[in-house]
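A quick write-up on the structure given underneath.
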Amino acid sequence: MYQVKELDWNGSYETIVVGIGAADTIEEGLDTLYNGRVKSLIQTADISTKTGEVSIVPTFEGSVKRVVFVGLGQRNDITTEQMRKWFGKVAKEVKTRGFADVAIALETFGASGELFAEAYEMATYEHPTYKSNPKSAVADVTITLCGDVDEAAVQRGAARGRGVNIARALTMMPANILTAEALADYAVELAERNGFKHRILDKEEMEGLGMGALLAVNQGSTLPPKLIVLEYNGAGEDAPIAIVGKGVTFDTGGYSIKPKDGIVGMKGDMGGAATVLGLFETLATTKPAVNVLGVIPATDNMISGDAFKPDDVITAMNGKTIEVLNTDAEGRLVLADAVTFAKTYEPQAIIDVATLTGGVLVALGTEVTGCLTNDDSLYGALETASRETNELVWQMPYFDVFINQVRKSEVADLNNSPGRYGHMIFGGAFVGEFVGDTPWLHLDIAGTSDRATANELGPKGPTGVMVRTLSTLLDGWNR
């Protein structure tokens with residue numbers, strides 16, 4: 001799909017995409033396509049140089065049919081995210097209009113092919129549907145990236161974009177189709193296709209390991225749980241970085257049942273698992289020089305005569321007992337056993353990703369992921385990566401006052417829901433009780449894993465958040 005060549009204004013491309021600033025000197029080859037009239041077309045506003053505006057203008061001469069102009073204003077202080085979104089706008093135009101052969105004049109943007117490929121993959125994605133009359137397939141397009149282009153970087157950008165789209169697609173799937181078993185099957189297919197080691201633990205194996213927290217959440221279901229384990233090896237015998245993703249394929253809330261409006265959309269409560277799988281899809285291309293362990297506890301949280309109940313006391317894999325005060329605080333329970341399992345690999349760090357609490361929405365809204373950590377330098381590396389991808393994160397306080405609330409129970413070592421106020425922090429602090437001294441990041445993506453409206457880089461719905469940030473973090477790993 002992507003090829004790299006020098007730009008030829010008289011080439012055989014159907015369409016050329018150009019960045020144009022208000023004070024730019026017009027390239028002779030470009031001006032020739034319009035019989036020397038580019039400046040007059042700017043003056044008549046047929047070509048806009050206003051920041052971010054897109055103008056599509058048929059040519060007068062040559063084999064190129066049209067030029068897509070992207071306004072860059074005065075070219076002052078253009079951010080990477082602005083450029084990413086403008087490339088997204090171009091990608092949507094290419095797809096909508098059915099352009100088949102497009103050249104991107106990257107030097108006119110001062111941007112990389114990697115950024116364009118990432119934006120193109122994300123912007124042209126559409127969610128899968130189950131309609132009886134689906135849309136016709138979009139025709140293939142050839143993208144020629146022109147300029148001083150690093151082809152390996154282009155493939156890296158495209159891989160990150162595709163990883164995001166895989167996470168989006170999985171999160172969009174209904175829970176009657178994407179069961180824990182189906183999620184495990186997908187993980188196995190991904191692993192075998194990319195040469196990763198994999199292991200799927202079934203219910204009997206979990207019972208043998210004493211995973212009482214994960215199994216408690218599964219008690220009300222007629223469908224068995226799965227613990228999905230993936231391994232990418234990029235650093236020999238080094239200890240891995242463990243990425244743990246919450247895989248609750250549907251969350252009723254259990255006996256602490258969700259209201260009728262709150263229960264719609266709970267097919268997306270496996271967004272953390274989708275992030276892990278999207279990330280692993282990128283690893284086959286980006287090939288970071290680290291070892292990565294992926295762990296996904298997969299189950300639904302249902303209601304039946306066998307379901308766990310408020311006031312139950314359960315025992316986690318590490319032997320800690322837990323008083324269940326809220327069956328809708330199930331994500332931290334499945335993560336507890338998954339994190340404990342991950343620790344058996346003696347990882348150098350643990351990062352858990354979960355649609356864990358509504359509290360993070362109240363605290364940070366829909367554009368910022370909340371984070372707890374026991375290691376400031378690890379958080380600093382994450383924050384640096386997040387600024388590069390514009391997937392913003394914010395460190396929440398992780399004080400003893402919160403930890404002590406999680407440890408407050410008259411009948412058990414821990415309770416799973418100390419109360420409403422501060423409950424985003426309580427959720428993360430609970431997981432932290434199973435991490436111990438291992439460097440750790442807890443990412444609550446409940447606010448950022450879904451968007452209410454479309455934007456330049458994708459449709460409304462699941463976002464695939466944190467795939468690109470975690471990929472960037474692993475690429476630069478130097479701990």
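Predicted model, so just to flag it, every value in this text is computed and none were measured.
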Please examine the side chains of M396 and L364, heavy atoms only from C-beta on, and report whether any two atoms are closer than 4.5 Å.
yes
Can you confirm whether E367 is buried at CD, in the sense that more than 12 heavy atoms of other residues, nucleotides or ligands lie under 6.0 Å from that atom?
no
Of the non-hydrogen atoms in E14 and F99, which two are nearest, and what is the gap between them?
OE1-CA, 3.2 Å
Flag side-chain contact, heavy atom, 4.5 Å: V164 against Y125:
no
Quick check on R451: does its CZ atom have over 12 non-hydrogen neighbours (other residues, nucleotides or ligands) under 6.0 Å away?
yes
Non-hydrogen side-chain atoms of L356 and L335 separated by less than 4.5 Å
yes
Answer yes or no: is there a donor N or O on one side and an acceptor on the other, between the side chain of D300 and the main chain of S221, under 3.5 Å?
no
To the nearest 0.5 Å, what is the distance between OG1 (T51) and CG (L72)?
7.5 Å
Specify the closest pair of heavy atoms between V18 and A105, including all atoms of both residues, with the distance to one decimal.
CG2-CB, 4.3 Å
Going by heavy atoms in the side chains, are L178 and Y186 under 4.5 Å from each other?
no
Could you tell me whether the side chains of S55 and S48 share a donor-acceptor contact shorter than 3.5 Å?
no
Steps toward side-chain hydrogen bond (donor to acceptor under 3.5 Å, both in side chains) verdict (T355, D269)
CA-CA 6 Å; T355 50; D269 210 18; 2.6 Å; yes
When you measure from the side chain of D31 to the backbone of Y34, do you find a donor-acceptor pair of N or O atoms at a distance under 3.5 Å?
no
Check: G428 main-chain N/O paired with Y398 side-chain donor or acceptor under 3.5 Å:
no
For the residue pair T179 and T249, establish whether any side-chain heavy-atom pair is separated by less than 4.5 Å.
no
Pairing of R75 and D24 as salt bridge, 4.0 angstrom limit
yes
Measure the spacing between CG of L457 and OG1 of T124 and express it to the nearest 0.5 Å.
10.5 Å
Measuring from L473:CG to E383:CD, what's the distance to the nearest 0.5 Å?
12.0 Å
Between E53 (side chain only) and G71 (backbone N and O only), is there a donor and an acceptor less than 3.5 Å apart?
no
Report yes or no: does T59 contribute a side-chain atom to a donor-acceptor pair with the main-chain N or O of V64 at less than 3.5 Å?
yes
Backbone of M172 reached by a side-chain donor or acceptor of K267 within 3.5 Å:
yes
After noting the C-alpha distance and the side-chain angles of K226 and L183, does the key distance pass the side chain to side chain contact (heavy atoms under 4.5 Å, CB included) rule?
CA-CA 9 Å; K226 300 290 180 182; L183 193 64; over 6 Å; no
Separation of L277 CG from I228 CD1 (nearest 0.5 Å)
6.5 Å
Atom CD of E181: over 12 foreign heavy atoms under 6.0 Å:
no
Could you give me the CA-CA distance, side-chain angles and deciding distance for T286 and R156, then say whether side-chain hydrogen bond (donor to acceptor under 3.5 Å, both in side chains) is met?
CA-CA 5 Å; T286 59; R156 181 169 61 241; over 6 Å; no
Please assess I263 against F250 for the test side chain to side chain contact (heavy atoms under 4.5 Å, CB included), listing each intermediate value before the final yes or no.
CA-CA 9 Å; I263 204 169; F250 194 84; 4.0 Å; yes
Set out, in order, the CA-CA distance, both residues' side-chain angles and the distance that settles side chain to side chain contact (heavy atoms under 4.5 Å, CB included) for V393 and M466, then state yes or no.
CA-CA 10 Å; V393 297; M466 288 293 123; 3.8 Å; yes
Got more than 12 heavy atoms from elsewhere within 6.0 Å of CD, E6?
no
F109 and F87 aromatic centres sub-6.0 Å
yes
If we only count heavy atoms from C-beta on, is the V17 to F116 side-chain gap below 4.5 Å?
no
Does the side chain of E388 come under 3.5 Å of the side chain of T472 through a donor N or O and an acceptor N or O?
no
So, T463 side chain and T448 main chain: donor-acceptor pair closer than 3.5 Å or not?
yes
Test item: I78 and M83 side chains (from C-beta on) under 4.5 Å apart, heavy atoms
yes
Please round to the nearest 0.5 Å and tell me the distance separating atom CG of L227 and atom CD1 of I200.
8.0 Å
Does R193 pair with E281 as a salt bridge, N-O distance under 4.0 Å?
yes
So, for N194 and A284, which heavy atoms are closest and what is the spacing to 0.1 Å?
OD1-CB, 3.2 Å
Donor-acceptor pair, side chain of Y120 and main chain of G161, under 3.5 angstrom
no
Derivation and outcome, side chain to side chain contact (heavy atoms under 4.5 Å, CB included), residues S471 and L279
CA-CA 6 Å; S471 176; L279 173 65; 4.0 Å; yes
Which residue, K131, K92, K95, forms the salt bridge (charged side-chain N to carboxylate O under 4.0 Å, His left out) with E126?
K95
After noting the C-alpha distance and the side-chain angles of K89 and E93, does the key distance pass the salt bridge (charged side-chain N to carboxylate O under 4.0 Å, His left out) rule?
CA-CA 6 Å; K89 289 175 73 172; E93 291 286 356; over 6 Å; no
Donor-acceptor pair between S377 and D375 side chains, under 3.5 angstrom:
yes
Is there a side-chain contact between V4 and Y2, using heavy atoms and a 4.5 Å cut-off?
no
K460 backbone acceptor or donor facing H127 side chain under 3.5 Å:
yes
Considering the options E121, E391, E114, which one meets the salt bridge (charged side-chain N to carboxylate O under 4.0 Å, His left out) requirement together with R468?
E391
Please give me the minimum heavy-atom distance between T171 and M270, naming the atom from each residue.
CA-SD, 3.7 Å
So how far is it from N233 CG to K197 NZ, rounded to the nearest 0.5 Å?
8.0 Å
Carboxylate-amine/guanidinium proximity below 4.0 Å for D46 and R37:
no
So which heavy atom on L293 is nearest to which on F280, and how close?
C-CZ, 4.1 Å
Locate the shortest heavy-atom distance separating P288 from L474; write the atom from each residue and the value.
CB-O, 3.6 Å
Test item: side-chain donor near acceptor, N165 and R168, under 3.5 Å
yes
Heavy-atom donor-acceptor pair, N374 side chain to T438 backbone, under 3.5 Å:
yes
